[in-house]
Amino acid sequence: MAKKNIFTDAFGTPYFLKRLIIFILGIVSYRRFNGFNKLKITGTEHLVDLPDSNVLFVCNHQTYFADVAAMYHAFCAVNNGYLDTIKNPIYLLNPKIDFYYVAAEETMNKGILPKIFKIAGAVTVKRTWRAEGKNVNRMVDLTEVDNIMKALDNGWVATFPQGTTSAFAQGRRGTAKLVKNQRPIVIPIKINGFRRAFDKKGLRVKVTGVKPTMEFKPPLDIDYDNEKAPEILLKIMTAIEQTEDFNVLHNYDEELKAKKLEQKDSNH
């Protein structure tokens, strides 16, 4: 596995370039999270004593870029001693640079801005189940798995187990397999309100006055030797509150159906 050095990260990207991009994107996005819509962050005390590598953040997904931008703000703030707050953007001068995030290749290759985001720390993967809006069925590219492992060996990595911004979508087994093989510290992140506050890409403010939330939860307790991948995936999906048990609308719809059936039966 390649290793970073004092000048470049594990993928050969110069640190000075990453620092510059994180600073500029941080300044540009700052008002989105501290002006138009005030982001409420909780649980960052769980990040303070983490090691510098082999930490995997698992998060539900609501927009392409705002979710990751908010993580950068939170990680940079914690890196400079600010817990549960991103009110003082001086932290952008000393960013968390060994942070990577897993992103769909087709998303990161559309337009100049995604390509700039990519330099900041994207580890791109081709979706095995969907491409260009159509369902596909293709093999996992092992080079991509190697890249994620390389990122974990050299820093923190954020991934979105659902691989889509749709709420309550099924978790992908690849995340659980990676966890079982690599044995990272797994920190769940639960976000809410990003879908209402920003457009799907997360580049444009859709509504002001929304208070998005980002909650960092304690590390998952995983028995790497005995727990199988499906059990690990269930733990992850429960922690990020994306199982059907958390789907209030789904439960409401089911209750409504049951009531209608009851009324139908009682009328006969």
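At least one side-chain heavy atom of Asn60 sits less than 4.5 Å from a side-chain heavy atom of Ile191. Val179 has its side chain within reach of Ile236: a pair of non-hydrogen atoms, C-beta onward, lies under 4.5 Å apart. Ile185 has its side chain within reach of Pro51: a pair of non-hydrogen atoms, C-beta onward, lies under 4.5 Å apart. At least one side-chain heavy atom of Val48 sits less than 4.5 Å from a side-chain heavy atom of Leu83. Asp225 has its side chain within reach of Arg183: a pair of non-hydrogen atoms, C-beta onward, lies under 4.5 Å apart. Looking at Leu152 and Leu178, their side chains come closer than 4.5 Å, going by heavy atoms from C-beta outward. Two residues are said to be in side-chain contact when any heavy atoms from C-beta on lie closer than 4.5 Å; Met214 and Phe216 meet this criterion. Residues Pro212 and Lys40 form no side-chain contact, since every pair of their non-hydrogen atoms from C-beta on lies 4.5 Å or further apart.
Between Phe75 and Phe57, the ring-plane angle classifies as tilted under the 30° and 60° cut-offs. A tilted orientation is assigned to the rings of His73 and Tyr30, their planes being inclined by 30° to 60°.
Here CG of Asn181 is found 11.5 Å from CD1 of Ile148. Values are rounded to the nearest 0.5 Å. The distance from the OG1 atom of Thr44 to the CD atom of Glu215 is 11.5 Å, given to the nearest 0.5 Å. Between atom CG of residue Leu233 and atom NZ of residue Lys177 there is a gap of 10.5 Å, rounded to the nearest 0.5 Å.
Note on Phe7: it does not cluster hydrophobically with Phe23, by side-chain heavy-atom contacts below 4.5 Å among ILVMFWY residues. Hydrophobic clustering (ILVMFWY, side-chain heavy atoms < 4.5 Å, transitive): Leu92 and Ile116 are in one cluster. Under the 4.5 Å side-chain heavy-atom criterion for grouping Ile, Leu, Val, Met, Phe, Trp and Tyr, Leu203 is not connected to Val207 through any hydrophobic cluster.
Considering every non-hydrogen atom in both Lys180 and Ala229, the closest pair reads CD-N, 4.2 Å. Contact between Thr159 and Leu56 at its shortest, heavy atoms only, is CG2-CD1, 3.9 Å. Here the closest non-hydrogen pair linking Arg196 and Lys206 is O-CE, 3.4 Å. Between Pro188 and Ile240, the shortest heavy-atom distance links the atoms CB-CG2, 4.1 Å. The minimum heavy-atom distance between Gly202 and Ala66, with the atom names listed, is O-CB, 3.7 Å. Between Leu50 and Ile187, the closest heavy-atom pair is CD2-CD1, 4.1 Å.
Salt bridge annotation for Arg195-Asp67: absent, with no cationic side-chain nitrogen under 4.0 angstrom from a carboxylate oxygen. At a threshold of 4.0 Å, the pair Lys217-Glu241 counts as salt-bridged, since one of the basic side-chain nitrogens sits closer than that to a carboxylate oxygen.
The only option from Glu105, Glu144, Met108 that meets the side-chain contact (heavy atoms from CB on, under 4.5 Å) definition with Val125 turns out to be Glu144. A side-chain contact (heavy atoms from CB on, under 4.5 Å) with Phe194 is found for exactly one of Thr213, Asn37, Leu39, namely Leu39.
Ring-centre distance between Phe33 and Phe198: below the 6.0 Å cut-off.
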If you look only at distance, which donor and acceptor atoms sit under 3.5 Å apart when one is on a side chain in residues 11-21 and the other is two or more places apart or in another chain?
from: Tyr15; atom 1: OH; to: Asp98; atom 2: OD1; distance (Å): 2.7
from: Tyr15; atom 1: OH; to: Asp98; atom 2: OD2; distance (Å): 3.3
from: Lys18; atom 1: NZ; to: Asp9; atom 2: OD2; distance (Å): 3.1
from: Lys18; atom 1: NZ; to: Ile97; atom 2: O; distance (Å): 2.8

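The salt bridge (Lys or Arg N to Asp or Glu O under 4.0 Å) test applied to Lys235 returns Glu227, not counting sequence neighbours. Under the ring-ring contact (aromatic ring centres under 6.0 Å, His included) criterion, His46 pairs with no residue at all, not counting sequence neighbours. In this structure, the ring-ring contact (aromatic ring centres under 6.0 Å, His included) partners of Phe65, at least two apart in sequence or on a different chain, are Phe117. Contacts of Tyr101 classified as ring-ring contact (aromatic ring centres under 6.0 Å, His included), with partners at least two apart in sequence or in another chain: none. Residues satisfying the ring-ring contact (aromatic ring centres under 6.0 Å, His included) criterion with Phe160, sequence neighbours excluded, are His61.
Distance alone, capped at 3.5 Å, places no donor-acceptor pair between the Thr243 side chain and the Thr238 backbone. Proximity of a side-chain donor or acceptor of Tyr224 to a complementary backbone N or O of Pro184 within less than 3.5 Å is detected. Listed for the Lys4 side chain is a donor-acceptor partner under 3.5 Å among the backbone atoms of Asn154.
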Full working for side chain to side chain contact (heavy atoms under 4.5 Å, CB included) between Cys59 and Met71: CA-CA 10 Å; Cys59 186; Met71 283 182 207; 3.8 Å; yes
Step-by-step side chain to side chain contact (heavy atoms under 4.5 Å, CB included) determination, Glu45 to Asp84: CA-CA 8 Å; Glu45 68 273 10; Asp84 291 350; 4.1 Å; yes
Residue pair Glu231, Lys228: steps toward the side chain to side chain contact (heavy atoms under 4.5 Å, CB included) verdict: CA-CA 5 Å; Glu231 295 170 86; Lys228 294 184 170 67; 3.6 Å; yes
Verdict with supporting geometry, Trp156 and Tyr100, ring pair (Phe, Tyr, Trp, His ring centres under 6.0 Å): CA-CA 6 Å; Trp156 292 1; Tyr100 306 90; over 10 Å; no
Evaluation steps, side chain to side chain contact (heavy atoms under 4.5 Å, CB included), between Cys76 and Ile22: CA-CA 9 Å; Cys76 292; Ile22 292 169; 4.2 Å; yes
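Around CG of Asn5, the count of heavy atoms belonging to other residues, nucleotides or ligands within 6.0 Å exceeds 12. Counted within 6.0 Å of CG on Asp52, heavy atoms from surrounding residues, nucleotides or ligands total 12 or fewer; the atom is thus considered open. Taking a 6.0 Å sphere around NZ of Lys201, one finds it holds 12 or fewer heavy atoms contributed by other residues, nucleotides or ligands.
Gln182 and Asp153 share a side-chain donor-acceptor pair at under 3.5 Å. Between the side chains of Tyr91 and Asn79, not a single donor N or O lies within less than 3.5 Å of an accepting N or O. Side-chain contact of Gln242 with Gln162: a donor-acceptor pair under 3.5 Å is present, judged by distance alone.
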